[in-house]
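Only one structure is covered here, and it is reproduced in the block below.
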There are 2 protein chains.
Amino acid sequence: MIRVIFLGYGNVNFHLCSALIKQADIAVIQIYNKTLIDTAFLINSIPFTSDLSEIKAADIYILGIPDDAIASFSEIIPFKNKLVVHTSGAVEMAVLSAKNRRGVFYPLQSFSKYREIEYEQIPICIESENATDLDILKKIGNSISNNVVEINSKERAKLHLAAVFVNNFVNHLYQIGHEILADTTISFDLLKPLIQETANKIGGLTPFEAQTGPAKRADSKTIEKHLHLLEESEYREIYLLLTNAIKKSHGKKL
Amino acid sequence: MIRVIFLGYGNVNFHLCSALIKQADIAVIQIYNKTLIDTAFLINSIPFTSDLSEIKAADIYILGIPDDAIASFSEIIPFKNKLVVHTSGAVEMAVLSAKNRRGVFYPLQSFSKYREIEYEQIPICIESENATDLDILKKIGNSISNNVVEINSKERAKLHLAAVFVNNFVNHLYQIGHEILADTTISFDLLKPLIQETANKIGGLTPFEAQTGPAKRADSKTIEKHLHLLEESEYREIYLLLTNAIKKSHGKKL
């Protein structure tokens with residue numbers, strides 16, 4: 001039985017906790033959070049504390065706190081020589097205080113509080129200072145996901161950057177599509193099958209192979225029409241930059 | 001029985017033809033293309049011609065040719081007073097020659113030759129000059145899709161622009177993610193569940209609600225780390241522009 005304590009209880013730890021309490025070989029024995037938690041997100045049977053001095057003994061402590069608080073928080077926790085991991089894609093393992101055994105348990109997914117997550121496919125990126133701890137992280141990871149990979153801090157930083165492009169930035173392009181349709185009678189729903197197919201396509205093709213559209217074809221008439229529609233728009237610059245990037249990538253200069 | 005002839009046989013008409021030949025009330029009676037077609041894409045039983053003078057009589061002629069050839073091609077076809085529609089998102093109906101009855105039959109999807117398409121969910125955007133022709137377009141549309149909508153040329157132009165953002169530009173962001181990982185040991189496959197979830201999320205949330213990440217949080221430390229990783233990169237400008245757009249949209253100025 002692996003005894004787990006969550007330190008901090010934001011989106012990631014909430015979802016992680018919901019998944020881990022269902023596992024036979026794992027016991028979530030305590031949740032610590034600086035402030036009281038919205039009871040809707042507190043899982044009933046798990047003891048809660050907001051007092052650092054009350055934190056119990058466990059096999060692993062999973063930090064779920066803002067990136068810039070990880071270093072200082074890991075310094076003030078009142079125990080040592082325990083396995084303490086953070087769950088951040090962008091923070092190096094070495095940022096954790098050396099007074100405990102350090103590790104990372106980073107689920108590569110975009111978590112929203114009110115949306116359930118299917119953990120099975122989510123990559124869990126793990127890292128630790130020693131092999132025994134890596135085994136613990138593997139066991140926890142494998143209990144909820146089929147996709148546990150060991151990735152060091154340097155490569156995880158690049159993975160996180162790539163994730164920002166394919167998740168945060170992609171979502172913002174969805175929002176621009178939404179806003180372009182806002183002054184028409186057309187529902188954004190009409191774009192959803194295209195959005196799905198765009199995501200599905202790269203299951204079997206590389207993104208380079210999957211590319212279509214006026215920029216790839218260097219279809220200057222259509223591009224001009226679009227720029228005309230965007231004449232007064234804040235999205236014009238994004239349109240131009242991405243159009244030129246696609247043209248360049250597909251070998252057709254302006 | 002609606003008799004259909006395809007004029008031009010690129011990606012869109014190939015997929016459209018493959019779907020229409022399965023319909024009981026529709027007969028694809030001929031395919032015209034200027035040049036011979038790769039036989040792999042020619043559907044056996046349908047007569048083919050590359051001679052304009054051999055085009056038969058039909059109830060509807062569906063043009064599948066490059067946007068900038070639609071006007072001139074619709075002038076040279078040797079018949080009149082027939083229903084002639086194009087399949088382009090970006091071209092006005094009025095670009096078609098007035099010697100025939102004009103219309104548009106625009107399937108809003110990204111077609112790749114080697115990828116099968118589930119037509120049922122694909123929006124078919126139709127437009128015509130008169131109600132009788134609109135009925136024919138509706139019948140054909142409804143035979144393959146549950147999502148047939150009437151959209152005029154002006155609004156279709158905006159829809160096409162929005163589609164470029166959520167499809168072409170999104171796919172290019174996938175490609176950037178792919179390239180960022182190219183100098184690591186990490187497989188692009190690791191990003192695929194995140195890409196899927198990003199597309200799935202907007203099924204239930206608006207893109208604004210679905211946004212997460214360092215730009216939304218105005219997390220300047222993470223953004224600085226990313227900019228450091230992108231120091232020599234051609235993607236730095238795209239990163240900055242989209243990060244600032246998200247910040248602005250979510251009310252957190254730099």
Side-chain angles (χ1 to χ4, degrees), chain A residues 67-68 90 108-110 115 121-123 151 155 157-159 161-178 180-181 184-186 190-191 193-199 201-202 206-208 210-215 219 221-222 225-226 229 237-238 241-242 245-246, chain B residues 67-68 90 108-110 112 115 121-123 151 155 157-159 161-178 180-181 184-186 190-191 193-199 201-202 206-208 210-213 215 219 221-222 225-226 229 237-238 241-242 245-246:
Chain A
D67 285 4
D68 57 4
L108 176 57
Q109 191 50 277
S110 170
R115 193 178 152 78
Q121 301 305 318
I122 296 183
I151 293 179
E155 297 215 324
K158 288 185 182 175
L159 178 61
L161 174 62
V164 164
F165 276 90
V166 305
N167 168 239
N168 304 156
F169 292 171
V170 160
N171 185 72
H172 190 66
L173 296 184
Y174 297 161
Q175 192 185 326
I176 293 175
H178 192 272
I180 288 170
L181 295 187
T184 70
T185 62
I186 304 167
L190 218 61
L191 287 175
L194 178 62
I195 285 171
Q196 275 297 338
E197 171 67 6
T198 308
K201 246 186 177 180
I202 54 151
T206 66
F208 186 87
Q211 191 62 48
T212 58
D219 172 353
K221 274 201 183 168
T222 304
K225 280 182 201 172
H226 287 162
L229 286 172
E237 203 182 339
I238 294 173
L241 191 58
L242 288 169
I246 294 170
Chain B
D67 286 2
D68 57 2
L108 175 58
Q109 192 48 278
S110 171
S112 294
R115 191 176 154 78
Q121 301 305 318
I122 296 183
I151 293 179
E155 295 214 327
K158 288 186 183 173
L159 178 61
L161 174 63
V164 164
F165 276 90
V166 305
N167 168 239
N168 303 156
F169 292 172
V170 160
N171 185 72
H172 190 64
L173 296 184
Y174 297 161
Q175 191 185 324
I176 293 175
H178 192 270
I180 288 170
L181 295 187
T184 71
T185 62
I186 303 168
L190 218 60
L191 288 175
L194 178 62
I195 284 170
Q196 276 296 339
E197 170 67 5
T198 307
K201 246 188 178 179
I202 55 152
T206 66
F208 186 87
Q211 190 61 259
T212 59
D219 172 354
K221 273 203 183 166
T222 303
K225 279 183 202 171
H226 288 162
L229 286 173
E237 204 183 339
I238 294 173
L241 191 58
L242 288 170
I246 294 170

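Just so it is clear, the structure is predicted and the values come from calculations on it, not from any experiment. Letters A, B, ... are given to chains in the order of the sequence lines, protein chains preceding strands, and every chain is numbered from 1.
Of all the listed residues (B/Gln196, B/Gln109, B/Lys225), the one sharing the greatest number of non-hydrogen pairs under 4.5 Å with chain A is B/Gln109. Of the listed residues A/Thr184, A/Asp68, A/Leu242, A/Leu161, the one with more heavy-atom pairs under 4.5 angstrom with chain B than any other is A/Leu161.
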Next on the checklist: Using the rule given for side-chain contact (heavy atoms from CB on, under 4.5 Å), can you reason through A/Leu108 versus B/Leu191, listing the C-alpha separation, both sets of side-chain angles and the distance that settles it, and then say yes or no?
Outcome noted: CA-CA 8 Å; A/Leu108 176 57; B/Leu191 288 175; 4.1 Å; yes

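Within the 4.5 angstrom heavy-atom criterion, only side-chain atoms of A/His178, from C-beta onward, approach chain B. Using a 4.5 Å cut-off between heavy atoms, A/Leu159 touches chain B through backbone and side chain atoms alike. Contacts of A/Lys158 with chain B are made by both backbone and side-chain atoms, with heavy-atom separations under 4.5 Å. Proximity to chain B is limited to the side chain of A/Asp67, based on heavy atoms less than 4.5 angstrom apart. Both the backbone and the side chain of A/Ser110 come within contact range of chain B, judged by heavy atoms closer than 4.5 Å. Contact of A/Leu190 with chain B is made through backbone and side chain together, with heavy-atom distances under 4.5 Å. Heavy atoms of A/Ile238 lying under 4.5 Å from chain B belong to its backbone as well as its side chain. Only the side chain of A/Val164 has a heavy atom closer than 4.5 Å to any heavy atom of chain B.
Evaluation of the ring pair (Phe, Tyr, Trp, His ring centres under 6.0 Å) rule for A/His226 yields A/Tyr239, B/His160 as partners, not counting sequence neighbours.
Using modelled atom types, one finds a donor on one side chain and an acceptor on the other under 3.5 Å when comparing A/Thr198 with B/Asn167.
Side-chain contact check for A/Val170 versus B/Phe169: every heavy-atom pair is 4.5 Å or farther apart.
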